[in-house]
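All residue numbers in this chain count up from 1 along the given sequence. All values reported here derive from a predicted model rather than from experimental measurement.
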Amino acid sequence: PEQYASLKADLPAASMEKLWLVDWICQAQIAWQETLLRKYLHLTQKSRALHRSEDSRESVSFETFTRGELMACSVNTLRLYACQVERAQKAGQNLCEDILENTVRQLGFDSLELADNRITHGENDG
């Protein structure tokens, strides 16, 4: 925090549009992540804390991490991503679930359900 405070004056201020887009996208991703935490309790049990109110010096939350990543994007990129998020919402798609599913498939599981079930039964070797 001290280093950031010394650099802050030299950084460009984020536009209201950028701040709004980041907030809107982040809220959508938090909602998706909340769904995942409820749906795959065992698979997500070691996930980051969800909200920035849970941040500590040792660990940042999903919200803080996501906001940081989004703030590094241009407004144009954020506009395009917001469109993708909106399309996914309208289609009933959870982009966070898609990412997690791709991850467990790369680890050799056929589905999120199978990965969660493996953890539920204490078989952590897959």
Side-chain angles (χ1 to χ4, degrees):
E2 296 80 20
Q3 289 176 326
Y4 175 73
S6 69
L7 299 171
K8 186 176 178 179
D10 296 326
L11 299 173
S15 69
M16 290 302 292
E17 180 182 14
K18 183 173 193 168
L19 294 172
W20 186 90
L21 285 164
V22 166
D23 188 59
W24 186 86
I25 294 166
C26 193
Q27 291 308 313
Q29 289 192 250
I30 288 169
W32 284 331
Q33 194 69 9
E34 286 172 341
T35 299
L36 278 182
L37 293 172
R38 287 189 304 272
K39 192 172 179 181
Y40 303 105
L41 180 65
H42 302 286
L43 188 58
T44 61
Q45 68 187 347
K46 293 185 180 180
S47 297
R48 294 176 180 272
L50 190 56
H51 299 284
R52 61 182 165 188
S53 60
E54 302 170 88
D55 285 352
S56 69
R57 282 203 175 273
E58 294 79 33
S59 179
V60 297
S61 64
F62 176 83
E63 179 180 4
T64 297
F65 187 84
T66 300
R67 284 182 186 280
E69 284 190 327
L70 293 171
M71 286 298 291
C73 297
S74 69
V75 171
N76 190 52
T77 298
L78 291 170
R79 287 179 192 141
L80 294 169
Y81 187 47
C83 288
Q84 181 180 3
V85 168
E86 186 175 26
R87 280 193 302 273
Q89 288 175 324
K90 288 179 179 177
Q93 184 181 3
N94 180 329
L95 296 181
C96 291
E97 186 168 351
D98 292 348
I99 291 167
L100 185 58
E101 185 167 18
N102 286 332
T103 301
V104 300
R105 285 185 188 280
Q106 289 178 12
L107 294 171
F109 295 99
D110 291 331
S111 70
L112 287 168
E113 291 79 9
L114 288 173
D116 193 62
N117 191 46
R118 169 74 60 89
I119 293 168
T120 301
H121 292 92
E123 301 170 21
N124 296 326
D125 60 0

**OP:** Establish whether W20 and M71 are linked, either directly or via other cluster members, by ILVMFWY side-chain heavy-atom contacts under 4.5 Å.
**Re:** yes

Subject >> Shared hydrophobic cluster, M16 / Y81 (ILVMFWY, side-chain heavy atoms < 4.5 Å) >> reply: yes

Original post:
Between the side chain of E63 and the main-chain N/O of R52, is any donor-acceptor distance below 3.5 Å?
Top reply: yes

Original post:
Going through the distances and angles, do R67 and D23 end up as a salt bridge (charged side-chain N to carboxylate O under 4.0 Å, His left out)?
Top reply: CA-CA 8 Å; R67 284 182 186 280; D23 188 59; 2.8 Å; yes

Subject >> Between CG on residue L43 and CD1 on residue I119, distance to nearest 0.5 Å >> reply: 4.5 Å

Subject >> Under 3.5 Å donor-acceptor, R105 side chain and D110 backbone >> reply: yes

Original post:
Does Q93 offer a backbone N or O that forms a donor-acceptor pair with the side chain of W32 under 3.5 Å?
Top reply: yes

**OP:** Report yes or no: do L78 and V85 belong to one cluster of Ile/Leu/Val/Met/Phe/Trp/Tyr joined by side chain heavy-atom distances under 4.5 Å?
**Re:** yes

**OP:** Give a yes-or-no answer on whether the side chains of D55 and S61 include a donor-acceptor pair shorter than 3.5 Å.
**Re:** yes

**OP:** Report yes or no: is the cationic atom of R48 (NZ for Lys, CZ for Arg) closer than 6.0 Å to the six-membered ring centre of F65, at no more than 45° off its axis?
**Re:** yes

Original post:
In the single-linkage hydrophobic clustering (I, L, V, M, F, W, Y; side-chain heavy atoms under 4.5 Å), do V22 and W24 co-cluster?
Top reply: yes

Original post:
Quick check: does any side chain N or O of T103 sit under 3.5 Å from a backbone N or O of I99, one acting as donor and the other as acceptor?
Top reply: yes

